[in-house]
2 protein chains.
Amino acid sequence: MPEGERITKRGAIRQENEARILAAAEKVFAEAGFGGATMQLIADMAGLPKANLHYYFPTKEELYRKVVRQIFEIWLHAADSFDEAPGPVEAIGAYVDAKMEISRSHPFGSKVWASEVMHGAPVIQDYLETTLREWTAGRARLIQKWVDEGKMAPIDPHHLLYMLWATTQHYADFGHQIETLNGGRPLSDRQWKAAKETVKSIILRGIGAI
Amino acid sequence: MPEGERITKRGAIRQENEARILAAAEKVFAEAGFGGATMQLIADMAGLPKANLHYYFPTKEELYRKVVRQIFEIWLHAADSFDEAPGPVEAIGAYVDAKMEISRSHPFGSKVWASEVMHGAPVIQDYLETTLREWTAGRARLIQKWVDEGKMAPIDPHHLLYMLWATTQHYADFGHQIETLNGGRPLSDRQWKAAKETVKSIILRGIGAI
DNA sequence: GTCTATACAGAGATAGAC
DNA sequence: GTCTATCTCTGTATAGAC
């Protein structure tokens, strides 16, 4: 079946190029914003002619949409630990660890997401109203259960979740400011570990879980 | 001295127009980003012809610079409470209150600031390296003193400050997401109060100050 | 001091050769 | 599937009348 092989090969090229473009786009959108990013810049960074971007992604907005969705998926998987844990200490501890790791490994994605939400979520609004709303409601119920069981102090679950998002994503979104205050150097492994421990310790102690 | 009166009158018009333009610019830059904002949009919102903007602010970048500096000044004044307090409970409590109030009253400014930092602080970098660095070092020393005096647990002052910034500014920067998760309605007075109390309570308890 | 008309540059998108 | 050349539109900025 030679037809199959040709399709496979063609698919491989497509997959390779789309991945290169998406990675470049994530970086450029993060650093320049949607309006400041240009297809030319993304093309140069991806090492492809500008017209090829329009071949794989018809419009700039379509490309942007893909980038935002990609990040959203990563956020969601970070919360898997939440459900499998017996209580707040394990769940929130693992969640903070996971989100801090993502802030370190995907700083561009985090910034694109932040920018999208700050501008009123023009392309991801439907996800906020469906997927994110359900995810949040589920985790809020779980936290409320822990409160009812006396495993933590009576904290409003939503505000706790906002606090977890804010503190962990801050290390990506405001990474430049943190780096500047760190003498112009990125946080070292030791400093990242300290950040994680500090965040976990303040929050877990703060909600009366430890 | 008729000359003086003319200058005063001219100054009044200028002041009025500059204020209108700055307010409109803050909103447009927050909602569209620097690249997405257009002088036409800002002019329309300010109720002035586009050319007038270029009369008062030679370039788009100069106008943006003024907006960012304005916000930076507001941040700084919010911390006055920090120095006059006898210990962490009063200082951090008042600081959180002040920053939460600003998140509510100046959400656009907060977003412009966040966007500026996320993009590598192209226009405010010198302020980060001078004013903000000194401010941070001073407050970090104060926090360390409280630790040494046994008024709170041994927390890294810098990470505590990042946490304070992250949690308070989150209510402005991610206000749209919070609103969506709140059923599409902005937080009520009661909810804002609950947010403030929750943030203060978790952090103050988390650092062992109460 | 204010506004209309316009110059000039840059960006998104596409046509059509290879 | 890939790339060059180009079209078109929008945005910043300015010149010059009032």
Side-chain angles (χ1 to χ4, degrees), chain A residues 2-22 24-68 112 115 119 122-123, chain B residues 2-22 24-25 27-68 115 119 122-123:
Chain A
E3 180 70 12
E5 197 183 63
R6 205 187 302 148
I7 287 173
T8 301
K9 199 183 275 176
R10 196 190 306 158
I13 293 175
R14 171 172 286 271
Q15 207 172 348
E16 156 88 17
N17 282 346
E18 286 186 351
R20 294 166 64 93
I21 294 169
L22 282 170
E26 181 176 297
K27 186 153 193 261
V28 173
F29 283 134
E31 290 177 346
F34 179 80
T38 68
M39 295 297 266
Q40 188 64 64
L41 255 166
I42 297 170
D44 291 349
M45 183 157 295
L48 291 168
K50 187 176 66 150
N52 282 34
L53 269 64
H54 286 286
Y55 173 70
Y56 289 108
F57 302 91
T59 66
K60 182 184 175 184
E61 193 179 324
E62 197 56 42
L63 174 55
Y64 174 75
R65 190 188 306 272
K66 280 269 165 49
V67 170
V68 174
V112 174
S115 190
H119 297 352
V123 320
Chain B
E3 181 69 13
E5 195 184 64
R6 204 186 306 148
I7 287 173
T8 303
K9 199 183 280 174
R10 195 189 306 156
I13 294 175
R14 171 173 288 271
Q15 208 173 346
E16 156 88 17
N17 283 345
E18 285 186 352
R20 291 167 65 93
I21 294 169
L22 282 170
K27 185 152 195 263
V28 173
F29 282 134
E31 290 177 347
F34 178 81
T38 69
M39 294 297 265
Q40 187 64 62
L41 256 167
I42 297 170
D44 291 348
M45 183 156 295
L48 291 169
K50 188 176 63 154
N52 282 33
L53 270 64
H54 287 286
Y55 173 72
Y56 289 108
F57 302 92
T59 67
K60 180 183 175 184
E61 193 179 324
E62 197 57 42
L63 173 55
Y64 173 76
R65 190 190 306 274
K66 280 269 164 51
V67 170
V68 174
S115 188
H119 297 158
V123 320

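Every value quoted in this text rests on a predicted model; they were computed, and no experiment measured them. The basis for the numbers below is simple: all heavy atoms, side chains too, and nothing from hydrogens, waters or symmetry mates. Note on naming: letters A, B, ... go to the chains in the order of the sequence lines (proteins, then strands), and numbering restarts at 1 for each one.
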[atom1] of [X] versus [atom2] of [N]: gap in Å, rounded?
X       : N      : atom1 : atom2 : result
A/Phe34 : C/dA11 : CZ    : C1'   : 12 Å
A/Glu18 : D/dT2  : CD    : C1'   : 15 Å
A/Leu53 : D/dG1  : CG    : C1'   : 15 Å
B/Lys60 : C/dA9  : NZ    : P     : 18 Å
B/Glu61 : D/dG11 : CD    : P     : 19 Å
B/His54 : C/dG1  : NE2   : P     : 17 Å
B/Phe57 : D/dG11 : CZ    : P     : 21 Å
A/Glu62 : C/dT14 : CD    : P     : 13 Å

| task | Using a heavy-atom cut-off of under 4.0 Å over every strand shown, decide if A/Ala43 touches base, sugar-phosphate, or nothing. | result | nothing
| Once you round to the nearest 0.5 Å, how far does CZ of B/Phe34 lie from CD of B/Glu61? | 5.5 Å
| said: So, under a plain 3.5 Å distance rule, would you say the side chain of A/Lys50 forms a donor-acceptor pair with the base of C/dG12? | reply: yes
Please state whether the phosphate of [N], meaning OP1 or OP2, lies under 4.0 angstrom from any side-chain nitrogen or oxygen of [X].
X       : N     : result
A/Asn17 : D/dG1 : no
A/Tyr55 : D/dT2 : no
A/Tyr56 : D/dG1 : no

| In a check of side-chain hydrogen bond (donor to acceptor under 3.5 Å, both in side chains) between B/Glu18 and each of B/Arg20, B/Gln15, B/Arg14, which one passes? |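 When B/Arg20, B/Gln15, B/Arg14 are each tested with B/Glu18, the side-chain hydrogen bond (donor to acceptor under 3.5 Å, both in side chains) holds only for B/Arg14.
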| Minimum side-chain heavy-atom gap A/Glu62-A/Tyr56 below 4.5 Å | no
| request: Indicate the ring-plane relationship of B/Phe29 and B/Tyr64, choosing parallel, tilted or perpendicular according to the 30° and 60° boundaries. | output: perpendicular
| request: Using the side-chain contact (heavy atoms from CB on, under 4.5 Å) rule, take B/Ile42 and B/Leu48 through it: C-alpha gap first, then chi angles, then the decisive distance, then the call. | output: CA-CA 9 Å; B/Ile42 297 170; B/Leu48 291 169; over 6 Å; no
| B/Thr38 side-chain proximity, nearest of D/dT12, C/dA11, D/dA15 | D/dT12
| remark: Of B/Met39 and A/Pro49, the one whose closest nucleotide on DNA chain D sits nearer the 5' end is A/Pro49
